[in-house]
S.K.: 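The following block contains the structure, expressed as structure tokens.
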Amino acid sequence: PPAETGGESGDTVFLVMEHLDGETLAHRLARGPLPVPELLARGTEIADALDRAHRAGIVHRDLKPGNVMLTKGGAKLMDFGLARVPGAPRAPGSSVVEDTISPTRSQPLTAEGTIVGTFQYMAPEVLEGAEADARSDLWALGCVLYEMATARKAFGGRSQASLISSIMSSEPPAPSTLAPLTPPALEQLIQACLAKDPEDRVQTAHDVKLELGWIAEGSSRAGVPAMVARRRRGRERLAWTLAAVAVAAAAALGWSLFQRARER
């Protein structure tokens, strides 16, 4: 997170924060999805920042494109204003969901005809009232990776109720159906982050960081873009079909020559 310090000078209380030159990931995604190499690089940086926070015992609880800054030095995870050490007491009278809604959201959750904000990155268990933990952040990371690949939110709704229903009971379209060049391994990683049950979800940001690095390095065929892989499989099937036809034709020709030889 950005370096912060503060203090008092006379009657003035001040807060000093790092100045970041760049744009938020949300602003960047308004122009369309990220190219795969950039997605993998920025995704690795976000996962690394999340890993560092989790190792320090901090759950971010508000990971979304608006809280990621893209700078010349890479992606920076910001706004730890809702971060919490698991098990720490909440404000008296607040619920888990109320305590997780971002104070920086720009649209009301229940406004008629609008798409709701921070709820779109909240994990199912949090919506059910459980306390957010590191795996809840990984759900949000899966939503962010999905959005980076497709420039579309993984879950949507025109009201708080319909959005929650979508998160709890539906699956988003596969990224490759919206962005054909999505590597299959990235698609699988996003699906692992978006498992409804936190026990079935990828368990650490460190694992996400490593997986994104492996995909970027192209260390396995799983890193081949989905469309390329499908074309390759199509060429292989065509080759086997042509080979089978050639064998059948050769066999037919051989049998014909054999029959002619016997007739003579």
Side-chain angles (χ1 to χ4, degrees), residues 1-5 15-56 58-83 102-107 115-122 134 136-156 172 175 178-179 181-183 185-187 189-190 193-194 202 205-218 223 225:
E4 299 181 5
T5 186
L15 177 67
V16 180
M17 301 180 65
E18 179 184 8
H19 171 71
L20 297 176
D21 185 13
E23 64 178 343
T24 66
L25 178 58
H27 283 123
R28 169 58 186 84
L29 290 174
R31 302 195 298 272
L34 271 63
V36 171
E38 184 180 358
L39 184 160
L40 295 173
R42 301 294 83 79
T44 299
E45 292 163 354
I46 297 169
D48 181 58
L50 204 57
D51 180 40
R52 292 171 183 267
H54 290 169
R55 289 175 184 270
I58 299 171
V59 178
H60 189 280
R61 302 197 308 150
D62 196 26
L63 174 58
K64 58 185 178 182
N67 283 341
V68 175
M69 194 75 176
L70 303 179
T71 72
K72 292 181 179 179
K76 289 208 171 189
L77 183 56
M78 308 187 304
D79 197 353
F80 279 73
L82 292 180
S102 171
T104 61
R105 67 176 184 267
S106 59
Q107 296 180 354
I115 301 298
V116 295
T118 298
F119 263 56
Q120 287 168 315
Y121 307 94
M122 290 176 66
S136 307
D137 277 349
L138 296 180
W139 168 279
L141 179 57
C143 292
V144 171
L145 291 173
Y146 185 98
E147 203 165 335
M148 292 167 73
T150 66
R152 288 179 51 178
K153 290 180 172 58
F155 301 94
L178 303 171
L181 293 180
T182 303
L186 174 60
E187 188 167 87
L189 178 60
I190 292 173
C193 289
L194 295 180
V202 62
H206 182 71
D207 288 341
V208 176
K209 179 181 72 172
L210 292 179
E211 184 67 23
L212 289 170
W214 291 331
I215 298 170
E217 292 170 3

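Given the structure is predicted, the values throughout are model-derived calculations rather than measurements. Computed over heavy atoms, backbone and side chain alike; hydrogens, waters and symmetry mates excluded.
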S.K.: Going from OG1 on T182 to CG on L145, what distance comes out if it is rounded to the nearest 0.5 angstrom?
M.R.: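 If we round to the nearest 0.5 Å, T182:OG1 and L145:CG are 11.0 Å apart.
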S.K.: After noting the C-alpha distance and the side-chain angles of L29 and L34, does the key distance pass the side chain to side chain contact (heavy atoms under 4.5 Å, CB included) rule?
M.R.: CA-CA 7 Å; L29 290 174; L34 271 63; 3.5 Å; yes
S.K.: Just jot down the side-chain hydrogen bond (donor to acceptor under 3.5 Å, both in side chains) partners of T44, sequence neighbours excluded, or say none.
M.R.: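 With neighbours one apart ignored, the set is empty.
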S.K.: Got a sec, which residues hit side-chain hydrogen bond (donor to acceptor under 3.5 Å, both in side chains) with R42, two or more places apart in sequence or on another chain?
M.R.: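 Expected list: E45.
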S.K.: Side chain of E147, backbone of K153: donor and acceptor closer than 3.5 Å?
M.R.: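 No.
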S.K.: Which heavy atom of A49 sits nearest a heavy atom of L77, and at what distance?
M.R.: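 Scanning both residues, the minimum pair turns out to be CB-CB, 3.9 Å.
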S.K.: Which pair of heavy atoms, one from V144 and one from K64, lies closest together, and at what distance?
M.R.: CG2-CA, 3.9 Å
S.K.: Would you compute the distance between atom CG of N67 and atom CG of D62 and round it to the nearest 0.5 angstrom?
M.R.: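 That separation rounds to 5.0 Å.
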S.K.: Quick one: side chain to side chain contact (heavy atoms under 4.5 Å, CB included) partners of P33, sequence neighbours excluded?
M.R.: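 Here the qualifying residues are A151.
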S.K.: What pairs meet the salt bridge (Lys or Arg N to Asp or Glu O under 4.0 Å) rule with one or both residues in residues 24-39, with sequence neighbours excluded?
M.R.: E23-R31
S.K.: Is a donor on one side and an acceptor on the other found under 3.5 Å between the side chain of H60 and the backbone of H54?
M.R.: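 Between the backbone of H54 and the side chain of H60 there is no qualifying donor-acceptor contact (under 3.5 Å).
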S.K.: Using the rule given for side chain to side chain contact (heavy atoms under 4.5 Å, CB included), can you reason through L186 versus L39, listing the C-alpha separation, both sets of side-chain angles and the distance that settles it, and then say yes or no?
M.R.: CA-CA 10 Å; L186 174 60; L39 184 160; 3.6 Å; yes
S.K.: Output the distance between atom CH2 (W214) and atom CG (L189), rounded to the nearest 0.5 Å.
M.R.: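 Here the interatomic distance stands at 10.5 Å.
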S.K.: Using side chain to side chain contact (heavy atoms under 4.5 Å, CB included) as the criterion, list what pairs up with A140, not counting sequence neighbours.
M.R.: L63, Y121
S.K.: Please list, chain by chain and in numerical order, all residues satisfying side chain to side chain contact (heavy atoms under 4.5 Å, CB included) with A26, sequence neighbours excluded.
M.R.: T24, P65
S.K.: For R52, give me all partners under salt bridge (Lys or Arg N to Asp or Glu O under 4.0 Å), at least two apart in sequence or on another chain.
M.R.: D48
S.K.: Side chain of W139, backbone of C193: donor and acceptor closer than 3.5 Å?
M.R.: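 Judged by distance alone, no pair lies under 3.5 Å.
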S.K.: Considering non-hydrogen atoms only, spot the tightest contact between A149 and A179 and give its length.
M.R.: O-CB, 3.3 Å
S.K.: Walk me through whether D137 and L141 qualify under side chain to side chain contact (heavy atoms under 4.5 Å, CB included).
M.R.: CA-CA 6 Å; D137 277 349; L141 179 57; over 6 Å; no
S.K.: L194 and A154: which non-hydrogen atoms are nearest, and at how many Å?
M.R.: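 So the two residues come closest at CD1-CB, 4.4 Å.
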S.K.: Work out which heavy atom in E211 is nearest to a heavy atom in A185; give both atom names and the distance.
M.R.: OE2-CB, 4.2 Å
S.K.: Checking Y146 against L178 for the side chain to side chain contact (heavy atoms under 4.5 Å, CB included) test, could you report, in this order, the C-alpha distance in whole Å, the side-chain angles of both residues, the deciding distance, and whether it holds?
M.R.: CA-CA 10 Å; Y146 185 98; L178 303 171; 3.5 Å; yes
